[in-house]
Amino acid sequence: MARSDFQTPPGTRDLTEPTSSRVRRLVALFAEEAERAGFGQIVPPMFEDVGVFVRLGESSDVVAKELYSFTDKGGRDLALRPEFTASVCRSFAQTRPLLPWKTWYSGPSFRYDKPQKGRYRQFDQVGAEVIGSDDPDLDTELIALAWRFFAKVGLRDVALSVNSLGDFADRPAYLDALGAYLRSNADALSEQSRATMATNPLRVLDSKRPQDAAVIAEAPILLDFLSESAAVAFERVTAGLKALGVPFQVAPRLVRGLDYYTRTTFEFAASGLDAAQNAVGGGGRYDGLVEALGGPPEPGIGFALGVDRTLLACDAEASFPAERRPIDVWVVSTTAGTEGIELVEALRNDGIRADRAYGGRSMKAQMKVADRSGASIALIMGEDEAAAGTVAVRMLRDGGGQEPIDRSRVLEKVRSLLP
RNA sequence: GUGGCCGUAGCUCAGUUGGUUAGAGCGCCUGGUUGUGGUCCAGGAGGUCGGGGGUUCGAAUCCCCUCGGUCACCCCA
């Protein structure tokens with residue numbers, strides 16, 4: 001494998017055809033759905049002041065150990081974004097657009113994780129955020145947007161889990177109850193869970209270790225500690241989802257790893273993915289984040305979907321297949337003049353997908369490449385044609401007839417042959 | 001970050017208990033007479049056996065380190 005001196009850094013890869021165009025189509029699909037719902041695109045910088053991301057929660061791994069941070073030549077402490085939400089909130093605080101502010105985005109994020117299937121250090125996300133309204137119908141609408149997107153992509157086995165984390169004011173009482181419960185059952189917990197219990201007890205609920213399952217199953221749930229308004233809002237969300245026909249299950253122990261979440265929280269899991277990284281998307285409310293970034297105390301909600309994982313899930317279900325769109329016309333030219341390059345240029349100017357071989361290869365070699373290219377038509381120009389002012393039009397797909405056409409009428413002929 | 005498995009041509013892999021010029025298929029290139037592809041035939045190019053060190057008369061084959069991949073935990077998209 002050590003043919004070249006360099007290779008992509010761990011957790012990164014080159015996206016090439018047909019994957020690259022599949023990603024492009026997926027993003028285009030999302031853009032279409034989002035814009036139909038009134039969202040405008042935001043393209044924030046890929047790096048920000050490290051403080052922007054620290055606000056995400058210093059006890060979260062994403063901030064504590066996965067940040068790609070660095071100091072630039074001006075002495076600024078910066079970091080590659082680990083997600084978009086913080087940038088969107090920062091942008092809102094900076095520019096104060098009209099409310100509610102609805103934006104969608106796509107692009108890479110960076111996390112210094114150990115690579116694994118469906119987990120990369122540079123990974124692509126699409127997502128949408130709304131700042132400036134706490135209307136629970138918005139929660140419903142956002143979830144429905146993500147759901148519609150998955151449906152458009154053709155994913156069938158997506159399970160939607162919904163929970164409410166309540167307001168920040170609801171937390172202390174619950175944390176007390178949870179903490180007491182966990183401590184009294186500490187002996188039954190795994191060593192790692194006992195450790196996270198001290199720093200962030202909520203996250204113990206997320207443990208996938210089998211030995212923790214029993215304790216977690218009996219743990220007190222946040223839904224029982226919700227304030228009146230948070231409880232009402234959550235009911236409104238679930239009622240809305242039912243009304244829209246979006247299937248979901250209430251998952252009282254769904255917590256998610258970013259600390260900023262409040263109230264509605266949700267996650268999409270691809271059941272078709274047997275891998276551990278089966279969360280294809282997730283999101284929730286973050287009613288304190290904008291303020292934490294120096295903006296007004298506006299509420300926000302959003303979600304992000306993993307492009308790579310979504311595609312992985314599509315593979316598992318054989319949906320949204322990669323498409324290869326071959327060239328239409330292949331120009332074969334063995335003359336010494338510029339007839340070949342002129343013809344290719346004319347075809348392209350005319351909007352026809354055309355290509356040719358280089359390096360003065362033999363006609364046989366060029367025909368071989370033409371065939372391999374998937375083109376349906378070969379335009380052949382040898383010395384005979386050059387002399388006669390014609391081009392031989394040869395069909396490559398079905399049997400392959402061939403006829404000489406006057407040079408001036410080639411474009412017309414090609415157009416009539418293409419679908 | 002912790003642990004398991006893995007690392008031979010562009011790709012998929014074979015390489016017997018360590019033994020002398022490292023193989024196959026696919027792909028690629030060039031030919032198969034007089035300019036024409038998809039089948040077939042014949043040639044050919046391409047490998048510091050991930051990298052480094054060690055053991056040995058001798059290592060792709062054994063040991064150590066390292067890099068990378070992969071899977072699980074963790075985390076989350």
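First the proteins, then the strands, lettered A, B, ... as listed; each starts at 1. Computed over heavy atoms, backbone and side chain alike; hydrogens, waters and symmetry mates excluded.
- In terms of the ring-ring contact (aromatic ring centres under 6.0 Å, His included) criterion, A:F53 has no residue partners (sequence neighbours excluded).
- A sub-4.0 Å separation between OP1 or OP2 of B:C74 and a side-chain N or O of A:S207 is present.
- When the side chain to side chain donor-acceptor pair (under 3.5 Å) test is applied to A:Y120, no partner is found at least two apart in sequence or on another chain.
- A:G118 comes within contact range of at least one nucleobase, with a heavy-atom separation under 4.0 Å.
- With the 3.5 Å cutoff on both pairing distances, Watson-Crick and G-U pairs in RNA chain B assemble into runs of at least 3 at B:1-7 with B:67-73, B:10-13 with B:23-26, B:28-32 with B:40-44, B:50-54 with B:62-66.
- At whole-Å resolution of the value, CH2 in A:W104 and P in B:A77 are 19 Å apart.
- The CD-P distance, from A:Q366 to B:U36, rounds to 12 Å in whole Å.
- In terms of the side-chain contact (heavy atoms from CB on, under 4.5 Å) criterion, residue partners of A:Y68 (sequence neighbours excluded) are, by chain and number, A:L80, A:F110, A:Y112, A:R121.
- The listed nucleotides are B:C76, B:U36, B:C71; the one nearest the side chain of A:K114 is B:C71.
- Considering only side-chain atoms of A:Y261, the nucleotide from B:G35, B:C75, B:A77 that sits closest is B:A77.
- For A:R119, taking side-chain heavy atoms from C-beta onward, the closest of the listed nucleotides B:C71, B:C74, B:G37 is B:C74.
- Note on A:P82: nothing from the nucleic acid sits closer than 4.0 angstrom, heavy atoms only.
- The shortest distance between the side-chain N/O atoms of A:R309 and the OP1/OP2 oxygens of B:C76 is not below 4.0 Å.
- Between A:Q116 and B:A72 there is a side-chain N or O to OP1 or OP2 distance below 4.0 Å.
- Nucleotides B:G25 and B:C71 are separated by 31 Å at their P atoms, to the nearest Å.
- RNA chain B is contacted by A:R372, A:I380, A:M381, A:G382, A:D384, A:E385 of residues 372-388 of chain A, taking any non-hydrogen atom closer than 4.0 Å.
- No hydrogens or angles considered: a donor-acceptor pair under 3.5 Å links the side chains of A:E129 and A:T85.
- Comparing B:A22 with B:G46, their C1' atoms sit 14 Å apart, to the nearest whole Å.
- Listed by chain and residue number, nothing satisfies the side chain to side chain donor-acceptor pair (under 3.5 Å) test with A:E345 (two or more places apart in sequence, or in another chain).
- Between the side chain of A:K364 and the base of B:U30, no donor-acceptor pair under 3.5 Å is found.
- Heavy atoms of A:R209 sit under 4.0 angstrom from primed sugar atoms or phosphate atoms, though from no base atom.
- Among the protein residues, A:Q192 comes within range of the sugar-phosphate backbone only, with heavy atoms under 4.0 Å from sugar or phosphate atoms but none that close to a base.
- Which of B:G68, B:C73, B:U36 sits closest to the side chain of A:Q7 comes down to B:G68.
- Checking the phosphate oxygens (OP1, OP2) of B:C29, a side-chain nitrogen or oxygen of A:R361 falls inside 4.0 Å.
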